[in-house]
Amino acid sequence: MIESDKMNIEQKLTGIVINAIQNLYQVEVQESQVQFQKTKKEFEGDITLVVFPFVKAARKSPEQAGEEIGQYLQQHEPIISKFNVIKGFLNLSIASSYWIDLLNDIQSQTEFGTKTADENSEMVMIEYSSPNTNKPLHLGHIRNNLLGFSLSEIMKANGYNVVKTNIVNDRGIHICKSMLAWQKYGKGETPESSGMKGDHLVGKYYVVFDKEYKAEIKTLMEQGQSEDDAKKNAPLMIEAQEMLRKWEAGDTEVYELWSTMNGWVYKGFDETYKKLGVNFDCIYYESETYLLGKEKVEEGLAKGVLYKREDGSVWADLTTEGLDEKLLLRADGTSVYMTQDIGTAKLRYDNYPIDKMVYVVGNEQNYHFQVLSIILDKLGFKWGKDLVHFSYGMVELPEGKMKSREGTVVDADDLVDEMVGTARETSEELGKLEGCTPEEAGNIARMVGLGALKYFILKVDPRKNMTFNPKESIDFNGNTGPFIQYTHARIKSVLRKAAEQGIKITTTDTACELSEKETGLIQLIAEFPNIVEAAGKEYSPSVIANYVYELVKEYNQFYHDFSILKEENEAVKNMRLILSANTAKVIKTGMGLLGIDVPERM
RNA sequence: GGUCGGGUAGCUCAGCUGGAUAGAGCAACAGCCUUCUAAGCUGUGGGUCAUGAGUUCGAAUCUCAUCCUGAUCACCA
């Protein structure tokens, strides 16, 4: 196969058009001036050239110029079979042979739509999830995890060497709160004794702490203290802070309790991650990195990039960048959040030859990452300046924001279970799982339930705040994961039946004339590798999701139209199968980039 | 108040490196076992693309201003 044959139709035509214009009007044409778009449904043709950019050079009306260019292309390029001009738009029809070759080519590719990484590929590290260990994961984490994982898959498909990482916030006052409450009120309860998942158990005591703490505050206020004083003076808070001090001093007893309870939490998290289908190549813990930043800060001081105030605190002056000054070390020498991130960055850089770093973190930290980028750059990290903060919006409920105090937090485990449960019920009601082994049935329910959840979240532009509507997400109609999965399963069923009848679906050189419907569908399929590239640049799973949905819609319509026609000549039948096979391939690839499984049957 | 997002159909969202009459789904209404599997398909109605100006052959898309809305502006993480 010649390289140029694999080229996308737009790229190919761009060169051809540049040539044509130069020959026709003797002017230089920039590639950027050549703009194509898919021909609108109501017009004849496959692809449309916008001729406005050339009318000046041609010194003709848009219609005339379009006509001339069209004539020229049709005469000189066998790939163009027909054309028509409407206003300044030149609609081109592409020869069927081109499409047929393209389908055969796609069919023969085992890794359609992906580039493989090699030793020369850039290495990108993607940080996502970043949980606290004092409570279980919730809906917001789900968005984070799904985005992070999907992003990794997309970048992998774009030929990057991807390292997925997770930074676990396993230390600090919040963990001590859980520990203290467990110690005081837990009566030795363990995940085993209570039958609770470890992260949920620890989360339970975090809530207990909050409740008891509030009671103490109330009492103190009744005794005449101000709210601020009461918050500071509540015995529970004092004890928790004392615990944190002990932890930092390495107190054996506290440290052991901390290890035990974190152990419970990790076991719980692992289960949730597994359920969601996400994973990591390396995990960092803040307890191991929170002290490391100091070294780099000292280095920055020596280099004169940072400065020390009279009280001994260390700052970065970012006023020349239009930002404020930022504290990096407190007067007592202890580190802050920013310092930790510097330390983690250093450790990572020591461990991996990173070219590019991506942080999947909510948009409430936009400022933090803006600052981090500048500071890392000043401190000499080569990827600091170009680090990507993959920022995403909050997930809200139809009733409003999630508030942990008001108990409106949607727990990740509960949600996944509910989705899978609903998928199972619906399947059973519809009799879809008859003839399946219980294992198969369970698998399908899991794929569909998770597919619904994942697709619902990923199809929305990450930057936007989104509303998660549990009811709507388990509605399997419309632009949803299950709808796409269903189409895939149906296609697979067609292909199975064809195979049973011994129909070969690899020969496409029948000289069948393709209708507009068909070429539209092939175009969608052919565009896919470029969509991957585009999404890689924009880091957006939503692009993939909406693209796949478009394809599925088109496919269903195409199939519907053909069924009405009932024209069952061999060429038509064959073309239908070829298109089905290719469509299934694209759906699987696309959904794979979103981390969504597609069942063979459902 | 400063900085950074967002404002597109009743609802949830696409479209944004400027291109043709603004696109889906949900909801509403009307039809369909016509396909491979009705988790489906077809059709109808539904819009001042927040507002106003500018840039040009052309603006939902770019620029500026205004309004609404979210985030952030900690020696919290």
Side-chain angles (χ1 to χ4, degrees), chain A residues 32 35 37 39-40 42-43 48 50-53 55-56 61-62 86-89 91 130 132 169 171-174 286 290 311 313-315 322-324 326-332 334-341 362-368 370-371 391-394 396 398 401 423 426-427 429-432 448 452 456 459-461 463-469 471-487 489-498 534 537-538 542-543 545-547 549-550 553 556-557 559-566 576 580 601-602:
Chain A
S32 59
Q35 295 167 41
Q37 51 187 294
T39 304
K40 294 222 164 192
E42 52 269 42
F43 304 114
T48 298
V50 184
V51 302
F52 292 107
V55 295
K56 240 178 211 163
S61 73
I86 292 163
K87 294 193 200 167
F89 298 92
N91 300 323
S130 322
N132 288 357
N169 181 14
R171 59 164 287 278
I173 189 74
H174 44 286
E286 282 192 358
Y290 82 110
D311 64 358
S313 57
V314 178
W315 296 72
L323 303 171
D324 275 336
K326 187 76 193 174
L327 176 87
L328 292 178
L329 282 181
R330 296 185 182 104
D332 63 5
T334 54
S335 45
V336 292
Y337 181 36
M338 191 62 73
T339 329
Q340 290 182 34
D341 262 356
N363 62 9
E364 69 272 11
Q365 293 194 31
N366 284 354
Y367 183 71
H368 172 80
Q370 207 182 338
V371 172
S391 164
Y392 61 91
M394 294 188 345
E396 287 164 25
K401 285 179 195 169
T426 312
S427 301
E429 268 168 39
L430 294 166
K432 296 286 180 187
V448 173
F456 191 90
K459 75 176 176 186
V460 180
D461 186 332
R463 284 173 307 179
K464 287 189 171 177
N465 285 0
M466 68 172 294
T467 309
F468 178 77
N469 188 331
K471 246 186 223 158
E472 212 175 287
S473 71
I474 39 184
D475 182 0
F476 297 149
N477 287 312
N479 188 359
T480 64
F483 171 61
I484 294 168
Q485 290 171 317
Y486 179 58
T487 303
R490 286 173 76 168
I491 292 174
K492 283 295 181 183
S493 164
V494 176
L495 298 177
R496 266 197 307 274
K497 278 185 187 161
K537 280 181 190 136
E538 293 167 19
S542 65
V543 174
N546 287 297
Y547 172 80
Y549 175 61
E550 197 186 327
K553 280 280 293 178
N556 279 324
Q557 212 172 64
Y559 224 97
H560 174 258
D561 291 349
F562 266 77
S563 304
I564 286 176
L565 288 176
K566 288 247 177 209
R576 205 197 291 195
S580 297
R601 64 185 83 215
M602 67 185 268

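All values below come from the heavy atoms of this structure, side chains included, with hydrogens, waters and symmetry mates left out. Naming convention: chains lettered A, B, ... in sequence-line order (proteins, then strands); numbering from 1 in each chain.
Comparing A:N546 and A:K497 by the nucleotide of RNA chain B that holds the closest heavy atom to each, the one mapping nearer the 5' end is A:N546.
Remark: A:K459 pairs with A:Y455, A:F456, A:N479, A:A545 by the side chain to side chain contact (heavy atoms under 4.5 Å, CB included) rule, at least two apart or across chains. Residues passing the side-chain hydrogen bond (donor to acceptor under 3.5 Å, both in side chains) test with A:T39, sequence neighbours excluded: A:T48. Here A:H174 pairs with nothing under the ring pair (Phe, Tyr, Trp, His ring centres under 6.0 Å) rule; sequence neighbours left out. Residues satisfying the side chain to side chain contact (heavy atoms under 4.5 Å, CB included) test with A:T334, not counting sequence neighbours, are A:R330, A:D332. Considering only residues two or more places apart in sequence or on other chains, A:R490 meets the salt bridge (Lys or Arg N to Asp or Glu O under 4.0 Å) condition with none of them. With sequence neighbours excluded, no residue forms a salt bridge (Lys or Arg N to Asp or Glu O under 4.0 Å) with A:E364. In this structure, the side chain to side chain contact (heavy atoms under 4.5 Å, CB included) partners of A:A498, at least two apart in sequence or on a different chain, are A:I503, A:L577. Scanning for side-chain hydrogen bond (donor to acceptor under 3.5 Å, both in side chains) contacts around A:Y549 gives an empty result, with sequence neighbours left out.
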What dot-bracket string describes RNA chain B from 5' to 3', counting Watson-Crick and G-U wobble pairs whose defining distances are under 3.5 Å, with [ ] for crossing pairs and | for pairs to another strand?
((((((((.[[[[.)...(...]]]].(((((.......))))).....[[[[[..)....]]]]])))))))....

Please list, pair by pair, any protein nitrogen or oxygen found under 3.5 Å from a nitrogen or oxygen in nucleotides 74-77 of chain B.
unit_1	atom_1	unit_2	atom_2	d
B:C75	O3'	A:R330	NE	3.4
B:C75	N4	A:D311	OD2	3.1
B:C76	OP2	A:R330	NE	3.1
B:C76	OP2	A:R330	NH2	2.7
B:C76	O5'	A:R330	NH2	3.3
B:A77	OP2	A:Y337	N	3.2
B:A77	O3'	A:E286	OE1	3.0
B:A77	O2'	A:N169	ND2	2.6

Provide a list of protein-nucleic acid N or O atom pairs under 3.5 angstrom, restricted to nucleotides 41-44 of chain B.
unit_1	atom_1	unit_2	atom_2	d
B:C41	O2'	A:H560	ND1	3.4
B:C41	O2'	A:H560	NE2	2.7
B:U42	OP1	A:Q557	NE2	3.2

So which protein N/O to nucleotides 16-19 of chain B N/O distances come out below 3.5 Å?
unit_1	atom_1	unit_2	atom_2	d
B:G19	O2'	A:Q37	NE2	3.4

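Atom pair A:L495:CG and B:U37:C1' shows a separation of 14 Å (rounding to whole Å applied).
Residue A:T467 places its side chain closer to B:C13 than to any other of B:A39, B:A20, B:C13.
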